[in-house]
There are 2 protein chains.
Amino acid sequence: MKDKLLLLGVLKQSEMHGYQLYDFIEQNLASCTTLKKPSAYFLLSKMEQEGLVQVVEQRIGNRPPRKVYRLTQAGERLFQQLLQENLSQFTPTVFPGDIGIAFLDQIPIEQGVRLLRKRLQKMQVHLAHLETIPPHRGSASLLIKHQIQHLHNEIQWLREVIADLQEAGNLPQAQKDNEFSHQDSSSN
Amino acid sequence: MKDKLLLLGVLKQSEMHGYQLYDFIEQNLASCTTLKKPSAYFLLSKMEQEGLVQVVEQRIGNRPPRKVYRLTQAGERLFQQLLQENLSQFTPTVFPGDIGIAFLDQIPIEQGVRLLRKRLQKMQVHLAHLETIPPHRGSASLLIKHQIQHLHNEIQWLREVIADLQEAGNLPQAQKDNEFSHQDSSSN
DNA sequence: TTCTGAATAGTCAAGATTGAATATTCGAAA
DNA sequence: TTTCGAATATTCAATCTTGACTATTCAGAA
């Protein structure tokens, strides 16, 4: 349903044809979704059947006709509804990268440290890239700020994981397959 | 591919039948994936065809026979490979909740604030829940710490968004459809 | 013993997603 | 003016996902 909201929202701002729409999303909203081209077309034709968008064949110059999508009133209404749901709901973030973390104890510690450092470096490169993006106007700047803040946090967390791992590696005993059952004795 | 790694990893620790596997993932690894039951079964039978797991019909008491999955050597090898890839790669986090943020300027500010406060509250409830989970041993504790730290960060970010929004609402002029084109005059 | 609900174990058809391919136009170099 | 690569616009077959359902067993209540 979330990609439907996305398409409706973009179309609300201005009517577009499929490719343009997909391109806009890829450029500006990649941090919200991973919608691929064929999925966008699939959703658009479904939304046409549902009467949410209206399709007009448009011909510019002697280019082949393109299907231009425009929001209908039903589409507007659904947009408002989905927007309100999206804003008020919360869905816990899923981290596929944590799968590897969960199985860290299946490889030698030094190898784990080496691989995670590689990951860390990629994160730093990505952060540097994000920080070069000039501030947009409007809500787009919020999205970028979000990504940057989040990435800072992720980098910090990963550094901690690596440090824990190394610490466990330096204790010279009792590590065959439960390498880091560290548990700081603070708190409680 | 990531769910394959997940299944291989769990099966490496101990052989299991489908339901047990799915249940274990749901209980312990929900923060890494959203794999559903039928997908788990689908993947398992595919992995059987690929020779990554070996299936044995097992009969306990007079229960109906169950298919018990065990890792093959090829499965072990693929696990090691996928694990190394997962640990060394980095994939930017996607935030479906940011779709709504991107369209915040399509609704009145007070409504936006109200809806986001609802979201904020759900996040706080979820955080409180995470913090009641007793510390596991081993890498699982890393995953929980990750979720908690991340959620703290998300809450802080959302508070900032709400504050920005309210601030924009208090400027009494020039807001019809570009409600918060705030842009701190610093930097540049 | 019969019933009921919970837990266990799995399946299926319908729908969604995607890598890869197709088809056209444009611009510019050869 | 032919050709080649890039940009535009879309489609398709194959694969993957999922809500909803089925079927069995078990434990305890009636």
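Being a predicted model, the structure only gives us computed values, none of them experimental. Chain letters run A, B, ... following the sequence lines, proteins first, then strands; residues in each count from 1.
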Would you sort out whether L87(B) and L104(A) count as a side chain to side chain contact (heavy atoms under 4.5 Å, CB included), showing the intermediate values?
-> CA-CA 9 Å; L87(B) 287 172; L104(A) 257 182; 3.9 Å; yes

Using a cut-off of 4.0 Å between protein heavy atoms and nucleotide atoms, how would you tag nucleotides 10-19 of chain C 5' to 3' with B, S and -?
-> BBB---SBBB

Length of the line joining [X]:[atom1] and [N]:[atom2], which is rounded to integer Å:
X      : N       : atom1 : atom2 : result
E26(B) : dA9(C)  : CD    : P     : 15 Å
Y22(A) : dT11(D) : OH    : C1'   : 15 Å
K2(B)  : dC16(D) : NZ    : C1'   : 12 Å
L21(B) : dT8(C)  : CG    : P     : 14 Å
E48(A) : dT10(D) : CD    : P     : 12 Å

Is any side-chain heavy atom of L8(B) closer than 4.5 Å to a side-chain heavy atom of M47(B)?
-> yes

Would you mind reporting whether Q121(A) and F90(B) have side-chain heavy atoms less than 4.5 Å apart?
-> no

Which atoms form the tightest heavy-atom contact between I99(B) and C32(A), and what is the distance?
-> CG1-CB, 3.5 Å

Starting from the C-alpha separation in whole Å, work towards a yes-or-no answer on side chain to side chain contact (heavy atoms under 4.5 Å, CB included) for K122(B) and V125(B).
-> CA-CA 5 Å; K122(B) 285 177 184 156; V125(B) 168; 5.6 Å; no

N/O donor-acceptor pairs under 3.5 Å from side chains in residues 153-161 of chain A, not counting sequence neighbours:
{"residue": "N153(A)", "atom": "OD1", "partner": "Q149(B)", "partner atom": "NE2", "Å": "3.4"}
{"residue": "E154(A)", "atom": "OE1", "partner": "H146(B)", "partner atom": "NE2", "Å": "3.1"}
{"residue": "E154(A)", "atom": "OE2", "partner": "H146(B)", "partner atom": "NE2", "Å": "2.8"}
{"residue": "Q156(A)", "atom": "NE2", "partner": "E160(A)", "partner atom": "OE2", "Å": "3.3"}

